[in-house]
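To keep things clear, I will list the structure first and then write my remarks on it.
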Amino acid sequence: VARRYDIPENSLRKLVIQYGMKVQTTEEIVREKEQREQARKKVSVEDSQKKAQALLLTWLCEDVTLFEKLGDYLFCEDFTEEPYRTAARLIYEQYENTKTVTPARILNHFTSLEDQKKVGEILSTSAAVSAETPLENEEREKAINQSLKRVLQHSIDSSAKNVKSGEDLKQLIERKKQLENLYISL
């Protein structure tokens with residue numbers, strides 16, 4: 001090949017070696033692609049968890065009758081991500097004390113600008129969602145149930161990592177069974 005294209009043989013050899021060292025093997029390419037896909041899926045799962053938590057909090061603020069309907073299943077401890085967990089605790093406390101939820105009071109409890117922004121989005125989402133795309137009762141019921149199951153499943157999975165006794169494990173198993181047949185009618 002070197003003679004055919006009038007290239008010095010040593011130069012061509014060096015060029016081939018350099019190129020060979022730069023090229024990734026098929027295995028390396030496949031491995032990198034799998035790592036990127038796993039990272040993307042992990043981010044996607046985390047985002048869906050956060051969205052489900054945010055939506056449930058939004059609906060609880062928007063419709064306090066949901067506290068009675070979800071009260072046997074959903075607790076503020078089921079919100080595993082911050083600042084949603086703190087917001088849930090404040091929302092639950094406010095509802096227990098006054099049977100209403102005032103978003104402005106909840107927002108005042110957060111000092112971090114980032115947390116205020118996230119919680120503000122949760123608390124102001126209800127009006128925007130209702131105005132943009134009002135959900136029919138069936139759609140709303142389905143969305144609430146899907147979000148509820150996602151939040152509860154994540155809560156159970158997170159709690160399973162920290163089981164300390166047989167009683168804790170028993171409670172998790174009971175919650176898991178309850179989750180399988182869970183459907184809330186609005």
Side-chain angles (χ1 to χ4, degrees), residues 45-112 115-186:
V45 169
E46 289 174 5
D47 285 347
S48 69
Q49 291 302 328
K50 290 177 182 178
K51 284 180 184 176
Q53 291 180 50
L55 281 172
L56 274 177
L57 290 173
T58 298
W59 286 320
L60 286 169
C61 289
E62 184 181 80
D63 181 6
V64 292
T65 62
L66 288 176
F67 281 97
E68 301 300 323
K69 295 173 182 168
L70 304 179
D72 293 337
Y73 310 102
L74 184 68
F75 307 98
C76 58
E77 295 82 19
D78 291 321
F79 294 87
T80 56
E81 304 289 330
E82 285 297 339
Y84 308 115
R85 184 181 197 113
T86 303
R89 182 180 51 77
L90 295 169
I91 290 169
Y92 273 75
E93 285 175 5
Q94 196 174 101
Y95 177 76
E96 287 173 13
N97 295 333
T98 65
K99 298 296 182 209
T100 61
V101 177
T102 309
R105 280 186 176 165
I106 294 163
L107 196 55
N108 289 338
H109 286 276
F110 293 91
T111 55
S112 159
D115 288 349
Q116 282 182 349
K117 183 179 175 188
K118 285 181 184 178
V119 174
E121 287 173 2
I122 293 168
L123 301 175
S124 64
T125 301
S126 59
V129 169
S130 298
E132 280 181 28
T133 54
L135 294 177
E136 298 295 325
N137 284 342
E138 292 173 7
E139 293 172 329
R140 184 172 184 260
E141 186 174 292
K142 183 179 177 184
I144 288 172
N145 276 287
Q146 286 176 343
S147 296
L148 178 64
K149 285 185 176 185
R150 186 170 286 136
V151 168
L152 292 176
Q153 182 63 54
H154 185 67
S155 175
I156 290 168
D157 293 344
S158 295
S159 297
K161 295 174 185 174
N162 301 318
V163 172
K164 296 178 181 168
S165 69
E167 187 61 33
D168 291 345
L169 183 60
K170 183 179 175 184
Q171 287 176 350
L172 281 177
I173 291 170
E174 288 174 12
R175 285 193 81 192
K176 183 84 169 172
K177 283 181 188 176
Q178 187 182 42
L179 180 62
E180 290 174 5
N181 300 318
L182 180 65
Y183 191 86
I184 306 294
S185 295
L186 305 177

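Sequential numbering from 1 along the given sequence is applied to the chain's residues. A quick note: this is a predicted structure, and the numbers were derived from the prediction, not measured.
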Mind checking what makes salt bridge (charged side-chain N to carboxylate O under 4.0 Å, His left out) contact with E93, not counting sequence neighbours? R89
Hydrogens and angles aside, do T58 and E62 bring a side-chain donor and acceptor to less than 3.5 Å of each other? no
How about F67 and Y92: are their ring centroids closer than 6.0 Å? yes
Enumerate the residue pairs fulfilling side chain to side chain donor-acceptor pair (under 3.5 Å) with a member in residues 99-111, sequence neighbours excluded, ordered by first and then second residue. T98-T100
Would you say the side chain of F79 lies within less than 4.5 Å of the side chain of L56, judging by non-hydrogen atoms? yes
Nearest 0.5 Å please: distance from the OG atom of S48 over to the NE2 atom of H154. 9.0 Å
Expected output: side-chain K176 to main-chain I156 donor-acceptor under 3.5 Å: no
At what distance, to the nearest 0.5 angstrom, does NZ of K177 lie from CG of L179? 13.0 Å
Interatomic distance, E167 atom CD to K170 atom NZ [nearest 0.5 angstrom]: 5.5 Å
If every non-hydrogen atom of L57 is compared with every non-hydrogen atom of A87, which pair is closest and at what distance? CD1-CB, 4.2 Å
Do you know the tightest heavy-atom contact between I184 and L148? CG1-CD2, 3.8 Å
Here the pair of heavy atoms bringing R175 nearest to L152 is NH2-CD2, 3.2 Å
For C61 against I91, the heavy-atom pair lying closest together: SG-CD1, 3.5 Å
Measure the NZ-OG distance between K142 and S147 for me, rounded to the nearest 0.5 Å. 11.5 Å
Kindly write out the residues that satisfy side-chain contact (heavy atoms from CB on, under 4.5 Å) with D63, not counting sequence neighbours, or none if the list is empty. T65, L66, R140
Taking the side chain as everything from C-beta on, heavy atoms only, tell me whether L74 gets closer than 4.5 Å to L60. yes
Q94 and I106, any side-chain heavy atoms less than 4.5 Å apart: yes
Applying ring-ring contact (aromatic ring centres under 6.0 Å, His included) to Y73 and not counting sequence neighbours gives none
Can you name the residues that form a ring-ring contact (aromatic ring centres under 6.0 Å, His included) with F110, not counting sequence neighbours? none
Distance-only donor-acceptor check, side chains E141 and N145, under 3.5 Å: no
If we only count heavy atoms from C-beta on, is the D157 to Q153 side-chain gap below 4.5 Å? yes
Contacts of type salt bridge (charged side-chain N to carboxylate O under 4.0 Å, His left out), residue K118, not counting sequence neighbours: E114
Hey, does E82 have a side-chain heavy atom less than 4.5 Å from the side chain of R85? yes
I need the minimum non-hydrogen distance between D78 and S155, along with the two atoms involved. OD1-OG, 2.8 Å
Enclosure of E174 CD (heavy-atom neighbours >12, cutoff 6.0 Å): yes
